[in-house]
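The chains referred to below are lettered A, B, ... by the order of the sequence lines, with proteins before strands, and numbering in each begins at 1. FYI, side chains are in, hydrogens and waters are out, and symmetry mates aren't considered; it's all heavy atoms of this structure.
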There are 2 protein chains.
Amino acid sequence: MTTAERPSLLLVEDDAALGPLISELLEPDFAVHLAVNGSDGLHLALTRSWDAMVIDRGLPVMDGIALIKAVRAKGIATPILILTALGATDEKIRGLDAGANDYMSKPFDAMELAARLRALTRTYALPPQTLGIGDWELDAGARSMRSMYGLVVTLTAKEAGLLEILAGEPERVFTREDLINALFHPTDQPGVIDTYVHHLRRKISKTVIRTVHGLGYQIGEPHD
Amino acid sequence: MTTAERPSLLLVEDDAALGPLISELLEPDFAVHLAVNGSDGLHLALTRSWDAMVIDRGLPVMDGIALIKAVRAKGIATPILILTALGATDEKIRGLDAGANDYMSKPFDAMELAARLRALTRTYALPPQTLGIGDWELDAGARSMRSMYGLVVTLTAKEAGLLEILAGEPERVFTREDLINALFHPTDQPGVIDTYVHHLRRKISKTVIRTVHGLGYQIGEPHD
DNA sequence: AGGAGTTCTTAAGAGCTTCTTAAACGCCGC
DNA sequence: GCGGCGTTTAAGAAGCTCTTAAGAACTCCT
């Protein structure tokens, strides 16, 4: 599931009215693909990669439970929510034990279905701690910068540290003294900073770090 | 979650009657640990590893929603089911969007709770556990690597272990300390890692494992 | 425009990290 | 016990990073 893209969702629903309706309801949050019977659904489930599936319990040709079992038997771990018209507890249990991760009974609330699917597709990996800097993104952990379109530049410890401090408070002007106290021995001479600013400008872009004459350096929105 | 063992479950429930009851109901399927308030629950959630958590919505001291948010904020991806006395749809949505994977409203059916927890803790491991690494594929079970077009290289235990760890979290930079703690005795000297990295690069390819100077090693998309 | 002060750029050596090689050690099967 | 293999240690070589320094270029002020 790529960032900033809607998660892809396979919806298997044979009801000619309900299918398009659910599809439309979920479209804001998901890229929905509708399959109108179990065998189409199975084929799509096995041949493409999905972020989640919503499967109707009562399908012609191939039952929803059988479909889920077939998908799971192939080792596919994609989250599945099963839709059932039946509210009885053991029907729910049968669906869950067949390999569904969740179920909802018809009639259902559209907002809740969306919320449940968000819960199923959500991932909790801590996003690599990144800082946005102009067109670039700093990954302090890996000490690298990535521009849009994937160009990656690796930084040294001092370069990354300097950039991190500057980017941590955009618009603030840091004096050389500020930066030396934060990054170097206070006994070092102020010129060190200039050198690293130069290195960074060479690696990333001339315009990312702005010089404030007589004061120090700054990161922020371009002035022109 | 080890095979053939009951999954571990953290139950956070303040009701003196309900807590032990749920605990008893789930014991056949899960190794239940009961925390009777939110702060105990949070502490246990953060300090131990669980296969699933069941959290009451209405807790004294620390609310269930706040507890879930705190756990998710730490990057913990353990499945969570939230118990709520409130049946209103937006209450359910709030719980799910806070980071819960599922909810149940009281009063609830014990069998259904167990079924839902089984669904949450179930894993769908693919038969051959392979990891893609650049143009190669690691078969950790057979401790071998296959390149596209069939070239096969066998690895030693340490080599395969090291590669597996690195490939398990692409882009993450592992320090030598990280790797030693995972693979070797913590008393071993950090240089061991360098040697195995060298062996791997000789066997597979120079470019698969990237050195991050001063930090450690990393696998990930090539940087050019 | 001229001068003083500030910033940029380049280079090079010191110091530290990583790579590479080799050899010693220990375990297991023969 | 012996041989082979995997593991670990060690040490010099190679490479990268840090820091200093000094001249060039620029900015600001008079």
For chain A, the stretch of DNA chain C it reaches, first to last nucleotide, under 4.0 Å of its heavy atoms: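 Using the under 4.0 Å cut-off, the span is dT6(C) to dT10(C).
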
Grab the [atom1]-[atom2] distance between [X] and [N] for me, whole Å please.
X: Asp194(A); N: dT19(D); atom1: CG; atom2: C1'; result: 13 Å
X: Lys203(A); N: dT17(D); atom1: NZ; atom2: P; result: 6 Å
X: Arg201(A); N: dC26(D); atom1: CZ; atom2: P; result: 13 Å
X: Ile180(A); N: dT19(D); atom1: CD1; atom2: P; result: 10 Å
X: His199(B); N: dT7(D); atom1: NE2; atom2: C1'; result: 9 Å

Could you check whether Arg201(A) and Thr211(A), counting side-chain N and O atoms only, form a donor-acceptor pair closer than 3.5 Å?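 Per modelled atom types, Thr211(A) and Arg201(A) side chains form a pair under 3.5 Å.
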
Tabulate below the donor-acceptor pairs under 3.5 Å that side-chain atoms of residues 28-39 of chain B make, not counting sequence neighbours, or state none.
from     : atom 1 : to        : atom 2 : distance (Å)
Asp29(B) : OD2    : Arg118(B) : NH1    : 3.2
Asn37(B) : OD1    : Ser39(B)  : N      : 3.1
Asn37(B) : OD1    : Ser39(B)  : OG     : 3.0
Asn37(B) : OD1    : Asp40(B)  : N      : 2.8

Applying the side chain to side chain donor-acceptor pair (under 3.5 Å) criterion to Gln218(A), which one of Glu169(A), Arg210(A), Arg172(A) satisfies it?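 Of the listed residues Glu169(A), Arg210(A), Arg172(A), the side chain to side chain donor-acceptor pair (under 3.5 Å) partner of Gln218(A) is Arg210(A).
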
Tyr196(B) side-chain N/O to dG6(D) phosphate OP1/OP2 under 4.0 Å: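 False: Tyr196(B) side-chain N/O out of range (4.0 Å or more) of dG6(D) OP1/OP2.
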
Contact list (N/O, under 3.5 angstrom) for nucleotides 10-16 of chain D vs protein:
from    : atom 1 : to        : atom 2 : distance (Å)
dA10(D) : OP2    : Gln189(B) : OE1    : 3.1

Residues forming a salt bridge (charged side-chain N to carboxylate O under 4.0 Å, His left out) with Arg176(B), sequence neighbours excluded: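 Here the qualifying residues are Asp194(B).
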
Please work out the stems of DNA chain D from pairs that are Watson-Crick or G-U wobble with both distances under 3.5 Å, keeping only runs of three or more consecutive pairs.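 Stems for DNA chain D, defined as runs of 3 or more consecutive pairs: C:1-30 with D:1-30.
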
Sort and list the pairs that fulfil salt bridge (charged side-chain N to carboxylate O under 4.0 Å, His left out) and have at least one residue in residues 152-167 of chain A, not counting sequence neighbours.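 Pairs touching residues 152-167 of chain A that pass the test: Glu159(A)-Lys203(A).
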
Nearest-0.5 Å distance that lies between atom CD in Glu171(B) and atom CG in Asp139(A):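 If I round to the nearest 0.5 Å, the distance is 8.5 Å.
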
Please tell me which of Val197(B) and Arg176(A) maps to the more 5' nucleotide of DNA chain C, matching each residue to the nucleotide holding its nearest heavy atom.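 Of the two residues, Arg176(A) wins.
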
